[in-house]
Amino acid sequence: MRCPEAGKPIIKFNHCQKYIYSFSVPERCPLCQQDVGSSKLEEAPVSISNPFTNGHQEKCTFLLRPTQGTFLREYDGRSDLHVGITNTNGVVYNYNIQGVHRDEAGWEQSISIPLLQPNMYGLMDQWDRYLEEFSNLGAWLPHRYEEDLHNCYSYTLTFINCILSTEGKEQLNKNDFTEKYVLPWTRKASKYITLYRAIEEQGFYVTDQPQQEAGPP
């Protein structure tokens, strides 16, 4: 089921030798006003993957969302991001100046990155206990919070490293963490946001199709 917070679906279809993006397939092409219908399989409309999910429907995942507002509405690519980790019931554990929060709402439009392989049932059975015990450590009391040095990223990175250690895997430093878990997903999200807002403003968005190489004579 699509979460309403995730926004409207984006559809891509071919016409006028262009890729045209919109929230639904129109009867007529917005460029030439001709019928859009086509019997060619390669010209069939396709749905563009939405990078945002309802974090409360995810288990054992790392989540990102803007500290203020939502990705599709307020995020400008430079805004602060807040991060958290879900338990097996979709409760989002996160840390800020007030300490550890256990949110049952507020993460309905998030970037979600799984932290467990599908076959790791043993660790999943212990996940909630590990996360709760970790969150009760003195390191995450409110007075220990420092905006730049001991924050929501520190909290999630430390927990992820505990899990990696349990799995016998190499731990991540802050730069590795950012490169692996944050930047690829925020780049993808930024492209989607640009596309989404352009469609909202203009009703559609057009790009050139890649040039096909000529075959042998």
Side-chain angles (χ1 to χ4, degrees), residues 1-58 61-84 106-115 117-118 153 172 174-217:
M1 180 181 297
R2 173 176 293 275
C3 172
E5 294 290 338
K8 292 169 279 194
I10 295 179
I11 306 296
K12 180 181 80 171
F13 61 95
N14 301 346
H15 211 267
C16 297
Q17 297 183 319
K18 303 282 188 181
Y19 287 139
I20 303 175
Y21 299 83
S22 63
F23 293 133
S24 61
V25 180
E27 291 185 7
R28 296 183 180 277
C29 172
L31 302 179
C32 70
Q33 303 304 314
Q34 298 298 310
D35 288 345
V36 169
S38 172
S39 58
K40 295 180 181 178
L41 182 61
E42 65 270 18
E43 293 182 2
V46 295
S47 179
I48 301 300
S49 176
N50 188 331
F52 309 120
T53 62
N54 183 342
H56 299 290
Q57 296 177 354
E58 305 293 333
T61 58
F62 168 68
L63 299 180
L64 301 95
R65 67 165 173 79
T67 303
Q68 302 291 332
T70 66
F71 278 113
L72 290 176
R73 295 297 176 193
E74 292 84 6
Y75 185 65
D76 63 3
R78 299 181 300 276
S79 310
D80 288 341
L81 291 172
H82 192 46
V83 297
W107 297 74
E108 289 80 9
Q109 190 184 108
S110 302
I111 294 172
S112 173
I113 302 156
L115 294 175
Q117 300 298 322
Y153 282 90
L172 299 168
K174 187 175 181 180
N175 288 337
D176 293 336
F177 175 66
T178 302
E179 285 289 333
K180 182 175 181 180
Y181 286 97
V182 180
L183 290 181
W185 295 89
T186 53
R187 289 187 188 117
K188 181 179 179 182
S190 292
K191 292 178 180 177
Y192 188 90
I193 291 166
T194 300
L195 180 59
Y196 190 94
R197 291 177 181 170
I199 297 171
E200 274 203 319
E201 184 176 333
Q202 304 166 20
F204 61 94
Y205 185 78
V206 180
T207 63
D208 292 326
Q209 294 184 9
Q211 294 291 324
Q212 294 184 348
E213 295 184 9

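Residue numbers start at 1 and run along the sequence shown. Only a predicted model underlies this, so the values are computations on that prediction, with no experimental measurement involved.
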Next on the checklist: In terms of relative ring orientation, are Y205 and Y21 parallel, tilted or perpendicular, with 30° and 60° separating the classes?
Outcome noted: tilted
Checklist entry - Side-chain contact, heavy-atom cut-off 4.5 Å: W185 with F62? => result no
Item to check | Under 3.5 Å: donor-acceptor pair, side chain of Q109, backbone of F52 | outcome: no
Checklist entry - Judged by atom type as modelled, is there a donor-acceptor pair below 3.5 Å linking the side chain of E58 to the main-chain atoms of H56? => result no
Next on the checklist: Taking salt bridge (Lys or Arg N to Asp or Glu O under 4.0 Å) as the definition, give me every residue that meets it alongside R28, ordered by chain and number, with sequence neighbours left out.
Outcome noted: D35
Item to check | Expected output: side-chain S79 to main-chain Y75 donor-acceptor under 3.5 Å | outcome: no
Item to check | For E200, side chain to side chain contact (heavy atoms under 4.5 Å, CB included) partners two or more places apart | outcome: K8, F23, R73, Y196
Next on the checklist: Measuring only between side-chain heavy atoms, which start at C-beta, is S49 closer than 4.5 Å to K188?
Outcome noted: yes
Item to check | Non-hydrogen side-chain atoms of N14 and Y19 separated by less than 4.5 Å | outcome: yes
Checklist entry - Does atom CD of Q33 have more than 12 heavy-atom neighbours from other groups under 6.0 Å away? => result yes
Next on the checklist: Whether the side chain of R197 engages the backbone of L72 through a donor-acceptor N/O pair (distance < 3.5 Å, no angle test) should be reported.
Outcome noted: yes
Item to check | Nearest non-hydrogen partners of P114 and T61, listed with the distance | outcome: CA-CG2, 3.8 Å
Next on the checklist: Tell me every residue that passes side chain to side chain contact (heavy atoms under 4.5 Å, CB included) with T194, counting only those two or more places apart in sequence or in another chain.
Outcome noted: none
Next on the checklist: Between T67 and D80 (side chain of the first, backbone of the second, donor and acceptor by atom type, cut-off under 3.5 Å), is there such a pair?
Outcome noted: yes
Checklist entry - Is the closest side-chain heavy-atom distance between Y153 and T178 below 4.5 Å? => result no
